[in-house]
Amino acid sequence: MAALDPPQRQPRSAAVRWGIGGSRFTRIAVGAVLPLIILLLWQFWAPHVFTSFQLPSPAKVVEGANTYIFGPRNGVQYSGTFVTDLWASLQRVIGGFLVGALVGVPVGLAVGFSRMAAALLEPMIGLLRSVPGICWLPLALIWFGFGTPSAVFLISLGSFFPIALSTIQGVRFIEPNLIRAARTLGASTLQAVRTVALPASIPSVLNGLRLGLAYSWIYMILGEFTGVNEGLGASLLLARESLRPDIIISLMVLIGLLGVLSDAPVQWLLRRVFRTDVR
């Protein structure tokens with residue numbers, strides 16, 4: 001009797017071979033390497049290249065951030081205004097993101113499921129998504145005036161395209177036999193979309209929502225350049241006009257952290273629903 005072949009070893013990914021795919025602590029430690037290198041270069045090498053005005057030291061930026069976040073509301077510019085600015089920006093981000101999602105998901109389902117809808121809408125989506133966001137700013141001001149309505153419009157526009165495009169791809173990669181089976185059983189087009197297309201495309205829809213939320217924070221800055229009085233983008237514009245690079249860098253870091261924190265609930269939902277590690 002022939003000897004049994006030994007079991008084949010499964011190839012390991014590069015991340016596992018190097019120990020990166022192990023514990024959460026290991027991944028965090030590896031992810032902290034590059035920021036630490038940048039911080040060291042900023043502290044010790046940048047002063048030989050940039051003036052303190054062009055690139056303030058990390059200590060100066062931390063001092064500006066501390067004043068902006070924790071400083072007393074005593075009338076001093078930027079002192080203690082973070083919470084007020086965050087609340088104003090958060091309302092605009094949530095409003096614009098919800099509009100983008102409520103339009104983007106149905107449009108994506110329609111384009112992905114219907115050839116007629118694809119022929120009608122997809123060329124226009126492809127054209128408009130190539131237009132830079134800054135080009136919409138003058139029209140937003142003309143249509144909605146200065147302030148929050150223009151900001152919400154720009155945020156919803158920025159979130160719409162990634163949500164719609166991800167949903168389209170999700171529907172188009174559905175197994176065709178699932179749709180045929182639903183139609184064979186007598187399901188109407190709307191029922192097939194609701195009972196087959198939408199559930200099967202949920203992973204792509206959720207990934208589109210993640211991208212849309214990230215773009216909402218990006219377009220929030222553009223939207224708050226439309227003349228709002230409060231908000232992170234408004235303070236960024238004011239810091240530019242008052243020549244405060246320490247506040248500018250502080251706001252850049254804070255906005256990046258807020259984008260990461262807002263992405264965490266969507267990642268948690270993906271892990272809970274699909275039992276996968278989302279990164």
How many angstroms lie between atom [atom1] of [X] and atom [atom2] of [Y], to the nearest 0.5 angstrom?
{"X": "Leu258", "Y": "Met220", "atom1": "CG", "atom2": "CE", "answer": "7.5 Å"}
{"X": "Ser130", "Y": "Ile125", "atom1": "OG", "atom2": "CD1", "answer": "11.5 Å"}
{"X": "Leu209", "Y": "Ser216", "atom1": "CG", "atom2": "OG", "answer": "10.0 Å"}
{"X": "Ile247", "Y": "Leu238", "atom1": "CD1", "atom2": "CG", "answer": "9.5 Å"}
{"X": "Leu211", "Y": "Leu206", "atom1": "CG", "atom2": "CG", "answer": "11.5 Å"}

Looking at [X] and [Y], would you say the former's side chain and the latter's main chain have a donor-acceptor pair under 3.5 Å?
{"X": "Ser166", "Y": "Ser204", "value": "yes"}
{"X": "Asp263", "Y": "Gly259", "value": "no"}
{"X": "Ser250", "Y": "Asp246", "value": "yes"}
{"X": "Thr226", "Y": "Gly223", "value": "yes"}
{"X": "Trp42", "Y": "Ile37", "value": "no"}
{"X": "Glu224", "Y": "Ile221", "value": "no"}
{"X": "Thr167", "Y": "Val205", "value": "no"}
{"X": "Ser114", "Y": "Val111", "value": "no"}
{"X": "Asp85", "Y": "Gly231", "value": "yes"}

Return the minimal non-hydrogen interatomic distance between [X] and [Y], and the atom names on each side.
{"X": "Gly96", "Y": "Ile155", "result": "CA-CG2, 3.7 Å"}
{"X": "Pro162", "Y": "Gly158", "result": "CD-O, 3.2 Å"}
{"X": "Leu237", "Y": "Phe225", "result": "CB-CE1, 3.7 Å"}
{"X": "Ala117", "Y": "Ala110", "result": "CB-O, 3.4 Å"}
{"X": "Val171", "Y": "Gly108", "result": "CG2-O, 4.4 Å"}
{"X": "Val131", "Y": "Cys135", "result": "CG1-CB, 3.7 Å"}

Tell me, do [X] and [Y] make a side-chain contact under 4.5 Å, heavy atoms counted?
{"X": "Leu213", "Y": "Ser159", "result": "no"}
{"X": "Leu90", "Y": "Trp217", "result": "yes"}
{"X": "Leu128", "Y": "Trp136", "result": "yes"}
{"X": "Pro56", "Y": "Ile249", "result": "yes"}

Quick one about Gln43 and Ser57 (side-chain donor to acceptor, distance below 3.5 Å, no hydrogens or angles considered), yes or no?
no

Report yes or no: do [X] and [Y] belong to one cluster of Ile/Leu/Val/Met/Phe/Trp/Tyr joined by side chain heavy-atom distances under 4.5 Å?
{"X": "Ile142", "Y": "Leu222", "result": "yes"}
{"X": "Ile38", "Y": "Val33", "result": "no"}
{"X": "Val93", "Y": "Val152", "result": "no"}
{"X": "Val228", "Y": "Tyr68", "result": "no"}
{"X": "Leu36", "Y": "Leu55", "result": "no"}

I would like to know whether Phe97 and Ile163 meet side-chain contact (heavy atoms from CB on, under 4.5 Å); could you show each step before the answer?
CA-CA 10 Å; Phe97 172 72; Ile163 293 172; 4.1 Å; yes

Is Tyr215 atom OH crowded by more than 12 heavy atoms from other residues, nucleotides or ligands, each under 6.0 Å away?
no

Checking side-chain contact (heavy atoms from CB on, under 4.5 Å) for the pair Ser235/Phe82: CA distance, chi angles, key distance, verdict?
CA-CA 9 Å; Ser235 290; Phe82 170 70; over 6 Å; no

With under 30° as parallel and over 60° as perpendicular, where do the rings of Phe153 and Phe144 fit, or are they tilted in between?
tilted

Using the rule given for side-chain contact (heavy atoms from CB on, under 4.5 Å), can you reason through Gln54 versus Thr51, listing the C-alpha separation, both sets of side-chain angles and the distance that settles it, and then say yes or no?
CA-CA 5 Å; Gln54 291 174 321; Thr51 67; 3.3 Å; yes

Could you go step by step and tell me if Ser242 and Tyr78 meet the side chain to side chain donor-acceptor pair (under 3.5 Å) rule?
CA-CA 11 Å; Ser242 58; Tyr78 306 112; 2.6 Å; yes

Option passing salt bridge (charged side-chain N to carboxylate O under 4.0 Å, His left out) with Glu122 (candidates Arg129, Arg172, Arg115):
Arg172

Any chance you could lay out the side-chain contact (heavy atoms from CB on, under 4.5 Å) test for Ile69 and Leu254, step after step, and finish with the verdict?
CA-CA 10 Å; Ile69 298 172; Leu254 288 171; 3.9 Å; yes

